[in-house]
Amino acid sequence: MPISIIQLMISILLFFVLFFGIAFILNMLLRLTWIMTCIYPIVVIFIVDTVPFATYLHEPKEAFQTLGTNLSSLAPADITVLLSGLVGTIVAGFAMKALRKRGYRMF
């Protein structure tokens with residue numbers, strides 16, 4: 001089903017804000033600036049993948065082939081939305097660095 005421009009823009013904004021907020025909170029709690037940026041590819045795999053996690057342990061070859069097929073069959077709009085989430089985590093990391101540089105100890 002085709003996605004309209006309005007849906008795409010709202011999805012991009014939602015993913016950016018959602019993952020910015022999650023990354024900001026994780027950075028604040030764990031004091032590891034880039035933790036969510038490193039975890040984000042795993043989150044994308046959970047979003048895109050249709051194979052249960054146990055299949056990766058029992059039949060890894062088939063599971064990874066299915067994952068590769070799912071990732072390569074994503075529409076450009078889906079890739080754009082997922083990339084906006086990654087950009088949100090990166091911006092949160094830079095925001096944390098800037099806040100820490102300015103002396104905010106909580107961050």
Side-chain angles (χ1 to χ4, degrees):
M1 180 158 95
I3 187 169
S4 73
I5 295 294
I6 304 243
Q7 287 175 328
L8 179 64
M9 291 300 143
I10 291 172
S11 298
I12 289 171
L13 183 63
L14 270 172
F15 262 65
F16 179 85
V17 170
L18 176 74
F19 284 103
F20 177 89
I22 292 171
F24 195 87
I25 291 170
L26 274 178
N27 290 336
M28 211 167 37
L29 294 174
L30 301 177
R31 296 193 50 87
L32 298 170
T33 305
W34 303 108
I35 187 73
M36 190 58 196
T37 305
C38 296
I39 295 173
Y40 188 74
I42 298 168
V43 173
V44 168
I45 289 171
F46 281 126
I47 291 172
V48 172
D49 201 12
T50 57
V51 176
F53 182 73
T55 308
Y56 285 96
L57 302 174
H58 300 296
E59 301 169 1
K61 183 178 179 182
E62 291 80 17
F64 282 109
Q65 285 176 344
T66 305
L67 175 62
T69 304
N70 289 345
L71 286 173
S72 64
S73 67
L74 286 175
D78 296 331
I79 294 170
T80 305
V81 170
L82 291 173
L83 284 176
S84 71
L86 178 63
V87 170
T89 63
I90 293 170
V91 171
F94 283 120
M96 277 298 186
K97 285 223 169 257
L99 287 170
R100 288 184 187 133
K101 186 177 180 181
R102 291 188 179 119
Y104 290 97
R105 290 177 176 244
M106 181 182 189
F107 305 110

Identify each donor-acceptor pair in which a side-chain atom of residues 52-63 lies under 3.5 Å from a protein atom, sequence neighbours left out, and give them as a table.
unit_1, atom_1, unit_2, atom_2, d
T55, OG1, P52, O, 3.3
Y56, OH, D49, OD2, 2.2

Please identify each residue that fulfils side-chain contact (heavy atoms from CB on, under 4.5 Å) with [X], with sequence neighbours left out.
X   : answer
T69 : none
L32 : L30, I35
S72 : none

Task: Inter-residue atom distance D78.CG - L83.CG, 0.5 Å rounding - done: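 Rounded to the nearest 0.5 Å, the CG-CG separation comes to 11.0 Å.
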
Single-linkage hydrophobic cluster, 4.5 Å side-chain cutoff, [X] and [Y] together:
X   : Y   : result
L86 : V17 : no
F16 : I90 : no
V48 : I22 : yes
L26 : V87 : no
V91 : I39 : no

TODO: Would you indicate whether the side-chain heavy atoms of L74 and L82 approach each other to under 4.5 Å?
DONE: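 Touching, per the 4.5 Å side-chain cut-off.
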
Task: Student check: side-chain heavy atoms of N70 and T50 closer than 4.5 Å - done: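 Side-chain contact under 4.5 Å: yes.
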
Open item on the list: Under the ring pair (Phe, Tyr, Trp, His ring centres under 6.0 Å) definition, can you give me all pairs with a residue in residues 74-102, not counting sequence neighbours?
Closed with: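 Every ring pair (Phe, Tyr, Trp, His ring centres under 6.0 Å) pair that includes a residue of residues 74-102, provided the two are not neighbours, is W34-F94.
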
Task: Residue list, side chain to side chain donor-acceptor pair (under 3.5 Å) with S84, at least two apart or on another chain - done: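 Result, side chain to side chain donor-acceptor pair (under 3.5 Å) vs S84: none returned.
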
TODO: Using modelled atom types only, decide if a donor and an acceptor are shared between the side chain of N27 and the backbone of M96 within a distance under 3.5 Å.
DONE: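 Side chain of N27 to backbone of M96, a donor-acceptor pair under 3.5 Å: no, none is there.
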
Task: Listed partners of F20 passing ring pair (Phe, Tyr, Trp, His ring centres under 6.0 Å), at least two apart - done: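 Expected list: F24.
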
If you look only at distance, which donor and acceptor atoms sit under 3.5 Å apart when one is on a side chain in residues 1-15 and the other is two or more places apart or in another chain?
unit_1, atom_1, unit_2, atom_2, d
S4, OG, Q7, N, 3.3
Q7, OE1, S4, N, 3.2
S11, OG, Q7, O, 2.8

